[in-house]
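The next block holds one structure in the form of C-alpha cells; read it before the comments.
Since this is a predicted model, take the numbers as computed values, not measurements.
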Amino acid sequence: MNLQEIYLKILESNIINFVIMISILTLIFKKFKLGRIIDNFANEIQSTVTTSFDAVQNALGEYKAARKEQREIPAKKEEILNNARSMAEKLAEKNKEEILKKETELDKSYEKTQTAIYQRGVQKTANDIQGAVLLLATDTIQNIMTNEIRAKSIFMALDEFDKLEGVIK
C-alpha cells in the first residue's frame, strides 16, 4: 500500500466517522430537543435585552422627569411658603377673635368676682360694725346702769344721811 491509498482509507474512515457523528448528534438533538432549548435560551436572551432596553428607557424618562421637577422646586417651595404664611395669618386672625372672646369672658368673670369680694367685704364690715356697736351699746348700758346704780346708791346714801342727820340733831 502506498501513501496515497493510506490517505484515501483515512479519508474514507473520516467521512464515515463524520457521518456517524452527525447521525448521533442529530439523534441527540431530536432526543433531548436541544433545538428547543437553544431557541428558549435565545428567546430568554432576547427577552432580557428587551426588558433591559425598556428599563433603560424608563430610567431615562424618570431622569428627565426628575430634572424637570428639580427645576420646578423653587417655584413649589415658594408656593408652599405662601400657603403656610396664608394659613398662619388665618390662624392668627382666628386665634385673635378667640382671645378677644376669652378676654371678654375673663373681664366679666373678674367683675363678678370683684363684686362678690366687695359684697363680702361690705357684709364683713357691716357685721364688724354691728358687733362693735353692740359691744359699745352693751358697755354703755352697763356704764349707765352702773352709773345709775351708783347715783341711786349715792342718793339713797344721802337720803340715809339726811335721815340720820335728823336723828342726830
CG (Asn17) and CD1 (Ile10) are apart, to the nearest 0.5 Å, by 11.5 Å
Residues passing the side chain to side chain donor-acceptor pair (under 3.5 Å) test with Asn127, sequence neighbours excluded, are Gln123
Applied to residues 91-102, the side-chain hydrogen bond (donor to acceptor under 3.5 Å, both in side chains) test, sequence neighbours excluded, yields none
| task | Start with the C-alpha gap between Thr48 and Ser52, add the side-chain angles, then the distance that decides, and say whether side-chain contact (heavy atoms from CB on, under 4.5 Å) holds. | result | CA-CA 6 Å; Thr48 304; Ser52 297; 4.2 Å; yes
Applying side-chain contact (heavy atoms from CB on, under 4.5 Å) to Phe18 and not counting sequence neighbours gives Met21, Ile22
Check your understanding: Hey, is CD on Gln57 packed in by over 12 heavy atoms from elsewhere, all under 6.0 Å?
Key -> yes
Asp107 meets the side chain to side chain donor-acceptor pair (under 3.5 Å) criterion, sequence neighbours left out, with none
Rounded to the nearest 0.5 angstrom, the OG1-CG distance for Thr51 and Asn58 is 10.5 Å
Going by chain and number, the hydrophobic cluster around Val56 (ILVMFWY, side chain to side chain under 4.5 Å) further includes Leu60
Sequence neighbours excluded, the answer for side chain to side chain donor-acceptor pair (under 3.5 Å) partners of Asp128 is Lys124
Sorted by chain and number, sequence neighbours left out, side-chain contact (heavy atoms from CB on, under 4.5 Å) with Leu11 holds for Ile15
Keeping Ser47 on the side-chain end and Asn43 on the backbone end, is there a donor-acceptor pair under 3.5 Å?
no
Sorted by chain and number, sequence neighbours left out, side-chain contact (heavy atoms from CB on, under 4.5 Å) with Ser86 holds for Lys90
Contacts satisfying side-chain hydrogen bond (donor to acceptor under 3.5 Å, both in side chains) that involve residues 111-122 (not counting sequence neighbours) are Tyr110-Gln114
Review item, side-chain donor-acceptor pairs of residues 65-74, under 3.5 Å, at least two apart:
none

Residues 44-63 vs salt bridge (Lys or Arg N to Asp or Glu O under 4.0 Å), sequence neighbours excluded, gives none
Residues passing the side-chain contact (heavy atoms from CB on, under 4.5 Å) test with Thr125, sequence neighbours excluded, are Ile129
Original post:
Is there a side-chain contact (heavy atoms from CB on, under 4.5 Å) between Arg85 and Asn82 once you walk through the steps?
Top reply: CA-CA 5 Å; Arg85 285 185 190 114; Asn82 289 336; 3.3 Å; yes
